[in-house]
> 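What follows is a structure written as structure tokens; I'll ask about it next.
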Amino acid sequence: MHQHQGEHIPAISVVIPCFNEQDNVKNLVERVEAVCTDVAPGSFEIVLVNDGSKDRTWPMIAAFADNSQHIVAVNLARNYGHQLALSAGLQICRGDVVMVMDADLQDPPELLGGMLDKMEEGYDVVYGQRLSRAGETMFKRASASIFYRTLQKLVDVQIPRDTGDFRLMSRRVVEELNAMPERYRFIRGMVSWVGFAQAAFPYERDARHAGESNYPLKKMISFAIDAVTSFSTIPLRFTAHLGLLAGMIGLLTLGWVFISYLTGNTVGGWASIAALVLILGSLQLLMLGIFGEYLGRMYMESKHRPLFIVQEVRSWRNGVKMENPVHRIQRQIRKTVNG
Ligand code: UDP
Ligand code: MG
């Protein structure tokens, strides 16, 4: 632990977003606390971010924070989603090294020691890479596999396969992430984008400790769209390519129409015209949809709203009162945006 502007900086922060995890938090805190006490005795903090849970998650983690100097409990004003809850935790944590993990204990906290060793070899990021996915459905596995493969084709930065947000990051990487003002956050991609030396840490992923996955198909799809659109404009280019293709088909058809005209065979052909109109019409709508997707995101980003609102922070570092972290975060974003 070292001093920084009169503040104790923990060696390690563990940041954990929690959404309806009441059956996991007790076990979670016990395991993480045990591991941290082992590798960084007396110099760690566990930042638990409640992302608008509807169950007893908040009262539970608030009580943990009241009873343990190591625990920081953050309550967001509503459910902002996994990536924003994680962003909130990254803004609030202060450790030199930051570990990110899920609340459901799918990522074993016991790997911290090994990951730290890896980091000491000179890496800024050590990301967990899943060897197995116990307790996940065939569908989830297949969709994840297709997702990572497609993503790799579409985006410019190398986003390693089979990684989640389970990782260790140096302070400077976290600072870079915190300085990124974007609203649609695909954090594992943003980490790859930052650069520095990054290493994989293979591990076996456990099944969820309790409760159900909070990533139903609808959320998975919107997560995938966020990932692609925030790192790639290839879908926009794709519309141009498709337009070109449609144009070529149109030209060929025109040739055929001309021949039909010359041979006096002009009465039939209703079916082919109807088919062409339908195909072109739906293609155009699809293209418009892709444009709309990007346009909508530009609109949302242009509002420069804060990414999330923090309702309450319970920690020991402040004693009685601390600056509302929302202001700090907004200031930071404004600074980045306006130079
Ligand atoms: N989570 C969150 N907000 C949400 C959904 C999920 O903070 O709206 C948290 C959740 O508590 C967990 C992590 O994000 O710690 C990953 O969620 P989950 O385990 O449901 O996803 P999966 O492992 O199935 O991909
Ligand atoms: Mg999970």
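All heavy atoms count here, side chains included; hydrogens, waters and symmetry mates do not. Atoms within each ligand, like the ligands themselves, are counted from 1 in listed order. Keep in mind it's a predicted model, so treat the numbers as computed, not measured.
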> Going by the atom numbers of ligand 1, which of them fall below 4.0 Å from some non-hydrogen atom of E21?
10 (C), 11 (O), 12 (C), 15 (O)
> So, is the end of the R188 side chain (NZ or CZ) under 6.0 Å from the ring centre of Y127 and within 45° of the ring's axis?
no
> Hey, would you say the F166 and F201 ring centroids sit under 6.0 Å apart?
no
> Determine yes or no for a side-chain-to-main-chain donor-acceptor pair under 3.5 angstrom, with N79 supplying the side chain and D51 the backbone.
yes
> Could an N or O of ligand 1 be found under 3.5 Å from any N or O of A85, whether backbone or side chain?
no
> Please work out, at 4.0 Å between heavy atoms, whether the side chain, the backbone, both, or neither of H82 comes within that distance of ligand 1.
both
> State whether R171 and E175 are salt-bridged, where the test is any N-O pair (Lys NZ or Arg NE/NH1/NH2 against Asp/Glu carboxylate O) under 4.0 Å.
yes
> Specify which N/O/S atom of D104 comes nearest to the Mg ion (ligand 2), by atom name.
OD2
> Does the structure place the NZ or CZ of R78 under 6.0 Å from the centre of the six-membered ring of Y80, at an angle of no more than 45° from the ring's axis?
yes
> Provide the number and element of each atom of ligand 1 under 4.0 Å from a heavy atom of A103.
12 (C), 15 (O)
> Select one of side chain, backbone, both or neither to describe which atoms of P17 lie under 4.0 Å from any atom of ligand 1, heavy atoms only.
both
> Where's the contact between N79 and ligand 1, heavy-atom distance under 4.0 Å: side chain, backbone, both or neither?
side chain
> Where the side chain of Q83 meets the backbone of I187, is there a donor-acceptor pair that is under 3.5 Å apart?
yes
> Report, in ascending order of atom number, the atoms of ligand 1 lying under 4.0 Å from any heavy atom of K219.
4 (C), 5 (C), 8 (O)
> Does the salt bridge (Lys or Arg N to Asp or Glu O under 4.0 Å) test come out yes or no for E176 and R172, once each step is laid out?
CA-CA 6 Å; E176 293 305 334; R172 61 176 175 177; over 6 Å; no
> Any N/O/S of D102 under 2.8 Å from the Mg ion (ligand 2)?
no
> Taking 4.0 Å as the limit for heavy-atom contacts, which would you say applies to D51 with ligand 1: side chain only, backbone only, both, or neither?
side chain
> So, N50 side chain and S53 main chain: donor-acceptor pair closer than 3.5 Å or not?
yes
> Look at ligand 1 and say whether M101 reaches it with a heavy atom at a distance under 4.0 Å.
no
